[in-house]
Number of protein chains: 2
Amino acid sequence: MLKNSEFVSKLRNSGLRPTKQRLKICEVLFNRDKTFHFTINDLAKNISENFNKKISLATIYNTVHAFKDKGYLKEITISSDKSYFDTNITKHHHFYDEDTNLLIDCNDNEIGKVNIKNNITGKKISSVEVLVRVASDTQNQN
Amino acid sequence: MLKNSEFVSKLRNSGLRPTKQRLKICEVLFNRDKTFHFTINDLAKNISENFNKKISLATIYNTVHAFKDKGYLKEITISSDKSYFDTNITKHHHFYDEDTNLLIDCNDNEIGKVNIKNNITGKKISSVEVLVRVASDTQNQN
DNA sequence: AATTTATATTATAATCATTCTAAACTGTTG
DNA sequence: CAACAGTTTAGAATGATTATAATATAAATT
Ligand SMILES: [Mn+2]
Ligand SMILES: [Mn+2]
Ligand SMILES: [Zn+2]
Ligand SMILES: [Zn+2]
């Protein structure tokens, strides 16, 4: 639930000029109560349906990648043909519903801490992500 | 370390005809001591370097997907632009070395059991996968 | 073994998500 | 306002994957 002027500062602070396009994308992505997951395609459709002025697809790609690079979005890869972006940038895990293709955030009351007993020597852990695929009981039941 | 005749039965048992191409791919993938991870590109290169007769790229794609569908391979998606296949089809987790782009299997002495306290209602868990990204200490150190 | 049928392979074309290009446009700074 | 760097844009290019449809091979049938 941020305001336009807050987006302007946010962008300026990251060295991104607050253009009309970026502000619209900020509004769509961050002016919400809850975080959510989206694909580039979702976002492009959302914008084309809800705004009169069109934003070029190249700009949508550029902006999403810029926001990811600045840490305002995380990318979640589910399979080779589905990449989601996440406005929840805290460390968290996911359920992936194979029936509906929906990603659902896990809370700490759903998945306990992952216990990494031994790491690769000389390396630092940069992230730990759990993906739990789920499907309705009637599937995979052969 | 399987023999050619074993691959023939394996393929026949899954309803796949044991063609020369499939048998060569079986040999490359499964006639080894240790399981390993590969990309389609790796496999195509391996085959073109180590066999006199060429196998069409379409056949390599078809075969890898057929083997995946039959459960002889698992697909591991690391990021939108990197999809690996795994000849280790047991449940296991991975380290991904961001410096070398190598996937490394985790044993149970490296990652403890993931504790899933609550699942989505009405859904069955079809897989649980942990991906631990690692990088050398000198990276990400700003 | 020859014939028939179903499957598989192949070269090549098509697809499609993503990235590139380079010209026009806009935000910023002085 | 002028000058500049950064941004947007339409459209082209890229490249991994998939589709096509002709040819080849394996299996089943006679
Ligand atoms: Mn991307
Ligand atoms: Mn695939
Ligand atoms: Zn999430
Ligand atoms: Zn593995």
Side-chain angles (χ1 to χ4, degrees), chain A residues 4-5 7-28 37-48 51-70 72-73 75-85 101, chain B residues 4-5 7-29 38-48 51-70 72-73 75-85 101:
Chain A
N4 196 277
S5 67
F7 294 136
V8 171
S9 337
K10 186 174 180 169
L11 290 170
R12 282 229 180 81
N13 290 336
S14 0
L16 297 172
R17 287 186 180 171
T19 62
K20 290 184 197 67
Q21 293 84 348
R22 284 171 177 164
L23 288 168
K24 274 189 178 171
I25 292 173
C26 276
E27 204 180 305
V28 172
H37 306 105
F38 66 94
T39 64
I40 294 277
N41 199 38
D42 294 337
L43 178 58
K45 189 183 281 183
N46 182 322
I47 288 169
S48 77
F51 293 99
N52 35 8
K53 186 173 181 308
K54 136 170 217 212
I55 298 182
S56 158
L57 189 55
T59 299
I60 294 176
Y61 273 98
N62 289 341
T63 303
V64 166
H65 285 133
F67 286 3
K68 182 191 166 189
D69 292 344
K70 296 299 181 184
Y72 301 145
L73 291 174
E75 190 168 3
I76 317 284
T77 310
I78 295 303
S79 69
S80 37
D81 55 355
K82 259 189 198 322
S83 183
Y84 290 87
F85 291 89
N101 284 9
Chain B
N4 195 277
S5 67
F7 293 136
V8 171
S9 337
K10 187 175 178 170
L11 290 170
R12 283 230 179 80
N13 290 337
S14 1
L16 297 173
R17 289 184 178 174
T19 62
K20 289 183 197 70
Q21 293 84 349
R22 283 171 179 163
L23 287 168
K24 273 189 179 170
I25 293 174
C26 276
E27 203 181 306
V28 171
L29 296 181
F38 66 94
T39 64
I40 294 277
N41 200 36
D42 294 338
L43 178 58
K45 189 183 280 182
N46 182 323
I47 288 169
S48 77
F51 294 99
N52 33 8
K53 187 175 182 304
K54 133 169 221 212
I55 298 182
S56 159
L57 188 56
T59 298
I60 294 176
Y61 272 99
N62 288 341
T63 302
V64 166
H65 284 131
F67 286 4
K68 183 191 166 189
D69 292 344
K70 296 299 179 183
Y72 303 144
L73 291 174
E75 190 168 4
I76 316 283
T77 310
I78 295 302
S79 70
S80 38
D81 55 355
K82 260 189 199 318
S83 183
Y84 290 88
F85 291 88
N101 283 11

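First the proteins, then the strands, lettered A, B, ... as listed; each starts at 1. All heavy atoms count here, side chains included; hydrogens, waters and symmetry mates do not.
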### Summary
Rounding to 0.5 Å, atoms OG (B/Ser48) and CG (B/Leu43) come to a distance of 10.0 Å
### Summary
Residue set satisfying side chain to side chain donor-acceptor pair (under 3.5 Å) with B/Tyr72, at least two apart, ordered chain then number -> B/Ser14
### Task
Provide, to the nearest angstrom, the distance between the OH atom belonging to A/Tyr84 and the C1' atom belonging to C/dT18.
18 Å
### Difference in axis direction between the ends of the helix from C/dA1-D/dT30 to C/dG30-D/dC1, five pairs, 10°
20°
## Note on the structure
Whether each nucleotide of nucleotides 1-11 of chain C has a protein heavy atom under 4.0 Å at its base (B), only at its sugar-phosphate (S) or at neither (-) is summarised, 5' to 3', as -----BBSSBB
### Closest non-hydrogen atom pair between A/Val28 and A/Ile47, with its separation
CG2-CG1, 4.3 Å
### Task
Let me know which of A/Thr59, A/Thr19, A/Thr63, A/Ile55 forms a side-chain contact (heavy atoms from CB on, under 4.5 Å) with A/Lys24.
A/Ile55
### Query
Within this structure, what is the CG-to-C1' distance between B/Leu11 and D/dA26, rounded to whole angstrom?
13 Å
### Message
Holding to side-chain contact (heavy atoms from CB on, under 4.5 Å), I want the full list of residues that pass it with A/Tyr61, two or more places apart in sequence or in another chain.
### Response
A/Ile40, A/Leu57, A/His65
#### Entry: Nearest-Å distance for atom pair CD1/P, residues A/Ile25 and D/dT9
9 Å
### Message
With a 4.0 Å cutoff (strictly under), does any side-chain N or O of A/His65 reach OP1 or OP2 of C/dT19?
### Response
yes
### Query
Between atom CD1 in A/Ile47 and atom C1' in D/dT9, what is the gap in whole Å?
15 Å
### Query
How long is the line joining CG of A/Leu23 and C1' of D/dT7, in whole Å?
13 Å
### Task
Calculate the interatomic distance between B/Ile60 atom CD1 and D/dT18 atom P; express it in whole Å.
14 Å
## Note on the structure
For B/Thr39, the side chain to side chain donor-acceptor pair (under 3.5 Å) test, sequence neighbours excluded, returns B/Asp42
### Sub-4.5 Å side-chain heavy-atom contact between A/Asn101 and A/Lys82
yes
### Task
Using whole Å, report how far OH of B/Tyr61 lies from P of D/dA16.
7 Å
### Message
For the residue pair A/Ser83 / A/Glu75, report whether a side-chain donor-acceptor contact shorter than 3.5 Å exists.
### Response
yes
### Query
Are A/Arg12 and C/dG27 close enough that a side-chain N or O sits under 4.0 Å from OP1 or OP2?
no
#### Entry: By side-chain contact (heavy atoms from CB on, under 4.5 Å) - contacts of B/Ser9 (at least two apart)
B/Asn13
### Task
Rounded off to whole Å, could you give me the CD1-to-P distance for the B/Ile40 and D/dG15 pair?
18 Å
